Amino acid sequence: MRILVLQFAPTTRGRVVPRFDPQLGTLCSLLVERGHEVTLCGLARFDLDKLKIALARGLPQLVYADLSPVCVDAARRTLEYIEHHEYTPVVAGGALPNVDPGASLSLPGVQAAALGEPDASLVTYLERMKDPAIRQVVQGIWLRDERGLAQPDLPPLVEDLDSLPLPDRDVFGAPTAEPVRAIEMAIGRGCPQGCKYCLNPTLSRLCTGRGTWVRRRSPEALGDELRELRTRYPELAKIRFRDHSLALNAEWLADFLEVYRSAAGPAFRCHLRANAASEPIVKSLATAGCRFVDVDVISGSDFVRNESLGMETSEEQIRNLFDWLRSAGIETRAVAYAGAPYESEAALEETRRLLHELKPTYADVRAYYPFPGTAARELCRDQGWLHSRGEEQYHDDRCGIDMPACRPALVDNFIRRLRSELPTAAHEPWWRRWSLASRGALGQVFQKRRP
């Protein structure tokens, strides 16, 4: 079967589309293994010209829409065109079906929505599509047709991640003459933290009873992938580990760093949680080649950081982590939000003070947007704070809530001021381009993957 994958993802803060996503890459590998031809196209907004090119090159028999909850408008307009002009069946997957399956099934042309992790459910469903006369009830696949709505339970989680194929990287970006020097890797799935601005707690509850939520690949499997990548990309000089849970299991981390050193891994970038870090962990990361760390500072206000957004992280823990990283010679990026629930001018000034005192290598100050499916989103909705422009605020990098005590214009002015005072992400060219998707020309449809 010829499958066109439409990756709906935002391009806020300079991100590219399509961009490497480990779970989507693994799904593409599984589909190719089973004889499907896969073509991928990335869309942040409705782009008819790009869509027509993708349809002409892929000649799809089925469209798989990987949906971000902040790209619903782009998905609706895109799928409406496909429904009216191509008559190609559409299956929805990604984050949106997990937080709002009804909204996914109501999109034009969508006949099924994949909930949970699609490794088993979606592959099985596509195999059963070969006989359309059969009512295709598959765990994790919600269906709506003239016979009603089928809502089967989710399938068990894949606990042995080593059993899955490596993610297909080529599908995200066309090869170029420029050597590949930086890539992203994932060490596992799931996160044990309960941050209210993140989707992970929602997804964890959705998968309750389906198996272990936080899973990591074995250090040996990661070492094998690293050696393969170094063979494939001789110029590889930097790796970014995407997972927020990389250093949350000290025993696993020690084993992994030993494997990483033995595999001669290049300099790497990772994420550290201030409430779960220690000086020995920082030293071990530096010894293994860590040169850059992302830290979620989120806010200088304890109330906003911990009560509104559920970080469970003290200012002392944040300060300690930055001191340890500085002593180890590791560069840092401090991520902070402005305009979060219960923000005030005083709270904004606390954030400004803390960032100046921490002296990160780079400060990434973002306008807060309440991501659909999160606890913070529910709070903002209940309080009547959601911005009338909806997801357009996210795409424009503007505040997504409108509180009387902290209006969006105030937040915008604060962000402009702080970005002028601190080195920002725009000044970090060494670590700027990570995804293989950035190797291709933006706006193009990328290569077809055949079995």
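Predicted model, so just to flag it, every value in this text is computed and none were measured.
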- Message: Can you confirm whether more than 12 heavy atoms, excluding those of Glu345, are under 6.0 Å from its CD atom?
- Response: no
- Task: Give the minimum heavy-atom separation between Pro60 and Thr88, together with the two atoms involved.
- Result: O-CG2, 3.9 Å
- Could you pull out the closest heavy-atom pair between Ser284 and Ile281, with the gap in Å? OG-O, 2.7 Å
- Would you call Ser245 and Leu248 a side-chain contact if the rule is heavy atoms closer than 4.5 Å? yes
- Can you check whether Arg240 reaches Met185 side chain to side chain, under 4.5 Å on heavy atoms? no
- Locate the shortest heavy-atom distance separating Leu105 from Ala113; write the atom from each residue and the value. CD2-N, 3.8 Å
- Flag this pair as yes if the NZ/CZ of Arg333 is under 6.0 angstrom from the six-membered ring centre of Phe292 and inside a 45 degree cone about the axis; otherwise no. no
- Residues Arg45, Glu392: salt bridge by 4.0 Å N-O rule: yes
- Message: Would the distance check show the side chain of Trp213 and the main-chain N or O of Cys191 forming a donor-acceptor pair, the cut-off being under 3.5 Å?
- Response: yes
- State, with a plain yes or no, whether a side-chain heavy atom of Cys71 is found less than 4.5 Å away from one of Pro10. yes
- Return the orientation label for the Phe256 and Trp252 ring planes: parallel under 30°, perpendicular over 60°, tilted otherwise. parallel
- Item | Glu331 side, atom CD; Arg326 side, atom CZ - distance, nearest 0.5 Å | 12.0 Å
- Item | Test log, rule side chain to side chain contact (heavy atoms under 4.5 Å, CB included), inputs Leu27 and Gln23 | CA-CA 6 Å; Leu27 175 62; Gln23 189 160 296; over 6 Å; no
- Give the C-alpha distance, both sets of side-chain angles, the deciding distance and a yes or no for side chain to side chain contact (heavy atoms under 4.5 Å, CB included) between Tyr64 and Leu4. CA-CA 6 Å; Tyr64 174 66; Leu4 171 62; over 6 Å; no
- Message: With a 4.0 Å cut-off on N to O distance, would you call Glu159 and Arg215 a salt bridge?
- Response: no
- Task: For Arg377 and Glu391, run salt bridge (charged side-chain N to carboxylate O under 4.0 Å, His left out): C-alpha distance rounded to whole Å, both residues' side-chain angles, the deciding distance at 0.1 Å, then the answer.
- Result: CA-CA 12 Å; Arg377 171 83 171 203; Glu391 66 186 44; over 6 Å; no
- Query: Quick check: does any side chain N or O of Asp100 sit under 3.5 Å from a backbone N or O of Leu96, one acting as donor and the other as acceptor?
  - Reply: no
- Task: To the nearest 0.5 Å, tell me how far Leu321 CG sits from Thr313 OG1.
- Result: 10.0 Å
- Nearest 0.5 Å, what's the CD1-OG distance between Ile187 and Ser218? 11.0 Å
- Which distance, rounded to the nearest 0.5 Å, do you find between the CD of Glu33 and the CG of Leu30? 5.5 Å
- Backbone N or O of Pro370 within a donor-acceptor pair of the Thr374 side chain at under 3.5 Å? no
- Query: Would Cys270 and Leu285 count as a side chain to side chain contact (heavy atoms under 4.5 Å, CB included) if you check the C-alpha gap in whole Å, the side-chain angles of each, and the deciding distance to 0.1 Å?
  - Reply: CA-CA 9 Å; Cys270 68; Leu285 288 168; 4.3 Å; yes
- Side chain of Lys196, backbone of Glu307: donor and acceptor closer than 3.5 Å? yes
- Query: With the threshold set at 4.0 Å, does a side-chain nitrogen-carboxylate oxygen contact exist between Arg389 and Asp402?
  - Reply: no
- Message: Donor-acceptor check, side chain of Asn98 to backbone of Gly94, threshold 3.5 angstrom: yes or no?
- Response: yes
- Walk me through it: do Glu421 and His356 pass the test side chain to side chain donor-acceptor pair (under 3.5 Å)? CA-CA 9 Å; Glu421 296 173 350; His356 276 281; 2.9 Å; yes
- Query: Within the distance-only criterion (no hydrogens, no angle test), does the side chain of Thr12 pair as donor or acceptor with the backbone N or O of Tyr394 below 3.5 angstrom?
  - Reply: yes
- Report yes if some heavy atom in the side chain of Arg217 is under 4.5 Å from a heavy atom in the side chain of Glu225; otherwise report no. yes
- Ring-ring centroid check Phe268 Phe241, cutoff 6.0 Å: yes
- Query: CG/Leu157 to SG/Cys207 distance, rounded to the nearest 0.5 angstrom?
  - Reply: 4.5 Å
- Query: Hey, is the main chain of Asp323 close enough, under 3.5 Å, to the side chain of Ser327 for a donor-acceptor pair?
  - Reply: yes
- Flag yes if more than 12 heavy atoms outside Glu312 fall under 6.0 Å of its CD atom; otherwise flag no. no
- Please say which of Asp243, Asp294, Asp296 ends up in a side-chain hydrogen bond (donor to acceptor under 3.5 Å, both in side chains) with His271. Asp296
- Side-chain ion pair, Arg15 and Glu184, N-O less than 4.0 Å: no
- Message: For Ser299 versus Ser301, what's the shortest heavy-atom pair and its separation?
- Response: OG-N, 3.0 Å
- Query: Is a salt bridge present between Glu117 and Arg189, judged by a nitrogen-to-oxygen distance below 4.0 Å?
  - Reply: yes
- Message: Taking the side chain as everything from C-beta on, heavy atoms only, tell me whether Val5 gets closer than 4.5 Å to Val171.
- Response: no
- Look at Arg353 together with Glu349 and state whether they make a salt bridge at an N to O cut-off of under 4.0 Å. no
- Item | Residue pair Val63 / Val91, side-chain heavy-atom distance below 4.5 Å | no
- For Thr424 and Tyr362 the tightest heavy-atom approach is O-CD2, 3.5 Å
- Message: I'd like to know if the side chain of His387 and the backbone of Tyr369 have a donor-acceptor N/O pair within less than 3.5 Å.
- Response: no
- Message: Rounded to the nearest 0.5 Å, what separates atom CZ in Arg242 from atom CZ in Arg269?
- Response: 12.0 Å
- I would like to know whether Asn200 and Cys195 meet side chain to side chain contact (heavy atoms under 4.5 Å, CB included); could you show each step before the answer? CA-CA 8 Å; Asn200 260 301; Cys195 305; over 6 Å; no
- Query: Does any N or O in the side chain of Thr361 come within less than 3.5 Å of the main-chain N or O of Thr332, such that one atom is a donor and the other an acceptor?
  - Reply: yes
- Task: Could you tell me whether the side chain of Leu358 reaches within less than 4.5 Å of the side chain of Leu354, counting heavy atoms only?
- Result: yes
- Salt bridge Arg319-Glu316, side-chain N to carboxylate O under 4.0 Å: no
Distance-only criterion, 3.5 Å: show the donor-acceptor pairs between side-chain atoms of residues 335-343 and protein atoms not counting sequence neighbours.
from, atom 1, to, atom 2, distance (Å)
Glu343, OE1, Gly339, N, 3.0
Glu343, OE1, Ala340, N, 3.4

- Polar side-chain atom of Asp396 near backbone of Arg398 as donor-acceptor pair, under 3.5 Å: no
- Query: Below 4.5 Å, heavy atoms only, C-beta onward: do Val295 and Phe322 meet side chain to side chain?
  - Reply: yes
- Item | Heavy-atom pair of closest approach, residues Arg419 and Arg366 | NH2-CA, 4.4 Å
- Query: Looking at Arg77 and Glu80, does any basic side-chain N land under 4.0 Å from a carboxylate oxygen?
  - Reply: no
